[in-house]
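So the structure is just underneath, and the comments pick up after that.
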Protein chains: 2
Amino acid sequence: MPVEPARGRGGIPEATVSRLATYLGVLNNLASAGVATVSSGELAATAGVNPAQLRKDLSHLGSYGIRGVGYDVAYLRFQLDQNIGSAEHWPVIIVGVGNLGRALVNHAGFSSRGFRVSALFDVDPALVGSRVEGLPIHHLSDLASVVRDPLVTIGVLTVPGEHAQPVADTLVDAGIKCLLNFAPINLAVPAQVTVRKVDLGSELQILAYHRQMSLADAISAEGLVPGGYGHSGE
Amino acid sequence: MPVEPARGRGGIPEATVSRLATYLGVLNNLASAGVATVSSGELAATAGVNPAQLRKDLSHLGSYGIRGVGYDVAYLRFQLDQNIGSAEHWPVIIVGVGNLGRALVNHAGFSSRGFRVSALFDVDPALVGSRVEGLPIHHLSDLASVVRDPLVTIGVLTVPGEHAQPVADTLVDAGIKCLLNFAPINLAVPAQVTVRKVDLGSELQILAYHRQMSLADAISAEGLVPGGYGHSGE
DNA sequence: ATCTGTGAACCAATTCACAGCT
DNA sequence: AGCTGTGAATTGGTTCACAGAT
């Protein structure tokens, strides 16, 4: 009996989900720009993927295109929104109001997609009670009462690495089901909780690797190419 | 004759490079904690990967472990640093001193890995000339003179989406070879330039998808909905 | 004629399982 | 005995190429 590959509950592979999120962002922009129709080729180019990939990704949701024509921007956007989870439905809380947390409170990339930050939390007495962008900062111990609303299930974790695990535990206990973790550690959470990690230090490290490699290439090319010049700059 | 799969110049697959960056972070922590030796199992657990995966990843660099024992933390850390690019060698510039850019100036995740932000740029006259964390904000038009240092090749792009492409062009012209792009658009750059995109809006969107899926599962498990959902009301 | 939707083919990445060293 | 290093097997992901719809 052939076993289906491990997938999100809805049967959509993780890699596809990630790209669908990107497509939705592009469609939002196209809609704002008044574009009515788009082909897989155009949409794929804007999103930076192969057209066949885009079509296959969309095929996981259904057939929302028109053969010979392309996709209706408004309709496809609506369907993506329906299928992958409308941002309006899920208020977001931010835990850890340091520089990064503060920067995310009215981050354009959140609001342009319809996400709303509904509450802020910290443990620093100097912060609790004050406001950022009009939002009051609650003490983490008030989490349970503020998060009683069952729709509040997405938490952004911008606390120092050494506090991330206990704070995550607190969030999970309060009913948070999804975490965006900016701390550079791997969080242990129950299976039903989804964590995505954004490790900005690692991102720089990866870039440093690429830099080092292309430099190494340049040096060895200088040594290998007789006469010392390669192709004219491209 | 089997052809090697497309890889980074150094022959290390992208997925592996990304994890190596994570391992290096973990090793930094272990070293600070005074741990002298670690097994693939322990290291893998901390990094959140399978032990076999970790060993295979490390095998791309060489044989730095001791059979029957594990890895010497200091030595493995040194080797990773050598192999994937020591952070100290690559000063970073930040372009776009909005909330996010400001938050990254002294981001703990950068400095704990040894990355140093060496200059800030913006075009807003209200910002140019002032300082953030002691660093002066230069006008973007001064980029070429400030970035004359050939080691400055990593740029962090925290400008609004609509400005990201022209600003990226300016950076590339000035000799920047690696970009960490926080704008939610796909940048077009020459082949020799490496771009990594961090799309925080998409990250939330992906979490929203998972939330929606587990909610749908819970509802269908309750028996309210026999199977999925039909077509939109017709 | 054109562009979508998709099985089939291909390629990359992960995991297994065990040989080989300490 | 214990743990690393790695070919082989497996799984997952991408691209091709064309059938099918408008």
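Taking the side chain of Arg55(A) as heavy atoms from C-beta on, and the options dT14(C), dG5(C), dT4(D), the nearest nucleotide is dG5(C).
Contact annotation: Tyr71(B) reaches the phosphate of dG5(D) (side-chain N/O to OP1 or OP2, under 4.0 Å). Between dA13(C) and Arg19(B), no contact under 4.0 Å exists linking OP1 or OP2 to a side-chain N or O.
Remark: P of dG5(C) and NE2 of His60(A) are 13 Å apart, rounded to the nearest angstrom. Rounded to whole Å, the distance from CD1 on Ile12(A) to P on dG13(D) is 13 Å. Taking atom CG on Leu76(A) and atom P on dG5(C), their separation rounds to 9 Å, with Å as the unit. Nucleotide dG5(D) holds its C1' atom 12 Å from the CG atom of Leu54(B), rounded to whole Å. Lys56(A) places its NZ atom 12 Å from the P atom of dG13(D), with the value rounded to the nearest Å. Leu58(B) has its CG atom 10 Å from the P atom of dT4(D), to the nearest Å. Counting to the nearest Å, the C1' atom of dG5(D) and the CG atom of Asp57(B) are 13 Å from each other. When the C1' atom of dG5(D) is taken as reference, atom CG of Leu61(B) falls 13 Å away, rounded to whole Å.
Two residues are said to be in side-chain contact when any heavy atoms from C-beta on lie closer than 4.5 Å; Val49(A) and Arg19(A) meet this criterion. Counting heavy atoms from C-beta outward, Val35(A) and Asn29(A) have side chains that stay 4.5 Å or more apart. Looking at Asn83(B) and Ile12(B), their side chains never come closer than 4.5 Å, going by heavy atoms from C-beta outward.
Listed for the Ser111(A) side chain is no donor-acceptor partner under 3.5 Å among the backbone atoms of Arg116(A). With hydrogens and angles disregarded, a donor-acceptor distance shorter than 3.5 Å links the side chain of Gln165(B) to the backbone of Ala188(B).
Under the 30°/60° scheme for interplanar angles, the aromatic rings of Phe78(B) and Tyr75(B) are found to lie parallel.
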Between protein and nucleotides 19-22 of chain C, what N or O pairs are separated by less than 3.5 Å?
from	atom 1	to	atom 2	distance (Å)
dG20(C)	N3	Arg67(B)	NH1	3.1
dT22(C)	O4'	Arg67(B)	O	3.1

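Under a cut-off of 6.0 angstrom, the local environment of CD in Glu88(B) is crowded, with over 12 non-hydrogen atoms contributed by other residues, nucleotides or ligands.
Within residues 35-50 of chain A, the residues having any heavy atom closer than 4.0 Å to DNA chain C are, in order of number, Ser39(A), Ser40(A).
For the pair Val95(B) and Val159(B), the tightest heavy-atom approach, listed with the atom from each and the gap, is O-CG1, 3.4 Å.
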Exercise. Yes or no on side chain to side chain contact (heavy atoms under 4.5 Å, CB included) for Gln212(A) and Gln82(B), after CA distance, side-chain angles and deciding distance?
Worked result: CA-CA 10 Å; Gln212(A) 166 141 318; Gln82(B) 290 287 305; 5.8 Å; no
